[in-house]
**Student:** 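My questions will all concern the structure given below.
Just so it is clear, the structure is predicted and the values come from calculations on it, not from any experiment. Throughout, a chain's letter reflects where its sequence line sits, starting with A, and its residues are numbered from 1.
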Number of protein chains: 2
Amino acid sequence: MSYSIGDVVKKTGLSAYTLRYYEKEGLLPFVKKNASGVRAYSDEDLRWLTMIECLKDSGLQIKEIRQYIEWFNEGDSTLPQRLSLFENRRKILEKEMARLTVVMNKILYKELLYREAVRVGNLDVATNERRFMHLKKKLFESPDDFDK
Amino acid sequence: MSYSIGDVVKKTGLSAYTLRYYEKEGLLPFVKKNASGVRAYSDEDLRWLTMIECLKDSGLQIKEIRQYIEWFNEGDSTLPQRLSLFENRRKILEKEMARLTVVMNKILYKELLYREAVRVGNLDVATNERRFMHLKKKLFESPDDFDK
DNA sequence: TCAACACCTAGAGTAAACTCTAGGTGTTAT
DNA sequence: ATAACACCTAGAGTTTACTCTAGGTGTTGA
């Protein structure tokens with residue numbers, strides 16, 4: 001099967017601008033064009049777009065994705081580079097998830113605090129109420145840096 | 001206590017450029033300057049920088065952080081807006097963590113696959129080996145979109 | 001035939017968050 | 001007193017990932 005750019009827009013949710021941009025950046029090196037330059041995407045191209053989405057979601061920049069695609073097209077000699085890319089990504093994602101967990105705690109604390117503040121009409125709970133001070137101490141290294 | 005911009009650079013790891021930029025963007029509305037324009041940061045300013053870091057880490061844009069700071073300085077009448085900001089952030093962080101978990105599975109699958117591919121010298125494991133096909137099916141809706 | 005439509009290219013524009021440059025001021029150590 | 005140093009402002013430049021514009025081509029239904 002082959003698809004026009006309009007079909008691919010509908011399938012992927014990407015804009016036609018973005019699809020052409022990706023191509024210009026080397027992310028879709030095998031998209032075919034007819035005599036008058038009109039693109040015809042293959043199922044293979046669509047699979048690449050799925051993979052590109054995944055790599056983007058994992059935080060890779062476009063030039064890193066291009067590098068991966070180049071490695072892929074070079075064949076088995078680049079298997080170690082590709083492994084190493086995924087290892088690094090996994091480590092970065094682990095850090096990112098840990099980071100988000102920390103941030104989530106802080107935001108949850110703030111949400112709780114403000115829920116109570118809205119109930120009573122002021123923010124004094126932050127510095128007066130034992131339960132909030134306790135929570136703050138449990139969650140943060142320098143609790144007083146967190147009353148803003 | 002009061003701190004020069006150089007002191008604050010050392011304490012926060014932010015560049016002097018960035019500190020001046022934040023101020024220009026309204027994130028530090030109360031930094032004092034002496035007669036010749038030299039900044040003197042207070043402990044209060046440092047606490048704001050800690051809070052700004054947290055809000056940035058949670059994904060807020062600079063203009064949203066400025067909005068929060070303006071609300072804070074307007075006093076108790078803006079408690080509901082601030083609560084709502086933290087609720088929204090919490091929801092966004094929840095989605096983000098869920099998203100990262102999904103991405104992590106995909107990257108982990110790739111890492112595993114490439115570890116084996118490097119061991120045997122080719123990528124055929126992806127389409128031939130039962131255990132990888134099984135894993136793929138478990139992890140993804142459209143498993144065949146994921147062989148790139 | 002002619003208008004609508006989907007598509008094309010090259011290149012300009014945008015947004016966010018910095019980052020740097022040029023040219024200048026004030027303080028301090030030798 | 002003079003050089004080094006830390007600081008200042010205004011404004012220009014950078015990076016990333018789009019997003020859009022202008023002007024043009026090819027196909028198709030009335």
**Student:** Does a side-chain N-to-carboxylate-O contact under 4.0 Å join B/Lys56 and B/Glu53?
**Tutor:** no

**Student:** Checking all strands, does A/Gln61 fall into the base, sugar-phosphate, or nothing category for heavy-atom contacts under 4.0 angstrom?
**Tutor:** sugar-phosphate

**Student:** With B/Leu14, which of B/Ile5, B/Leu49, B/Ile52 fulfils side-chain contact (heavy atoms from CB on, under 4.5 Å)?
**Tutor:** B/Leu49

**Student:** Is B/Leu123 close to B/Tyr114 at the side-chain level, that is, under 4.5 Å between some pair of heavy atoms?
**Tutor:** yes

**Student:** Tell me which of A/Lys24 and A/Arg39 sits closer to the 5' end of DNA chain C, going by the nucleotide each one is nearest to.
**Tutor:** A/Arg39

**Student:** Inspect the contact between A/Asp45 and A/Lys32 and indicate whether a charged nitrogen and a carboxylate oxygen are less than 4.0 angstrom apart.
**Tutor:** no

**Student:** Between B/Ser15 and B/Lys63, just flag the one whose closest nucleotide in DNA chain C comes earlier from the 5' side.
**Tutor:** B/Lys63

**Student:** Are A/Phe72 and A/Trp48 close enough that their ring centers fall under 6.0 Å?
**Tutor:** yes

**Student:** Between D/dA17 atom C1' and A/Leu28 atom CG, what is the distance in whole Å?
**Tutor:** 15 Å

**Student:** Please state how far atom OH in B/Tyr21 lies from atom P in D/dT14, giving the value in whole angstrom units.
**Tutor:** 17 Å

**Student:** I'd like to know if A/Val38 and A/Tyr41 are part of one continuous hydrophobic network [Ile/Leu/Val/Met/Phe/Trp/Tyr, side-chain heavy atoms within less than 4.5 Å].
**Tutor:** no

**Student:** Could you give the start and end, 5' to 3', of the contact zone on DNA chain C for chain B, using atoms under 4.0 Å from its heavy atoms?
**Tutor:** C/dA16 to C/dG26

**Student:** Take A/Lys56 and B/Ala16, find for each the nucleotide of DNA chain D with the closest heavy atom, and name the residue whose nucleotide sits nearer the 5' end.
**Tutor:** B/Ala16

**Student:** To the nearest Å, how far apart are A/Glu53 CD and D/dC18 P?
**Tutor:** 12 Å

**Student:** Mapping A/Ile62 and A/Val38 onto DNA chain D by nearest heavy atom, which one lands closer to the 5' end?
**Tutor:** A/Ile62

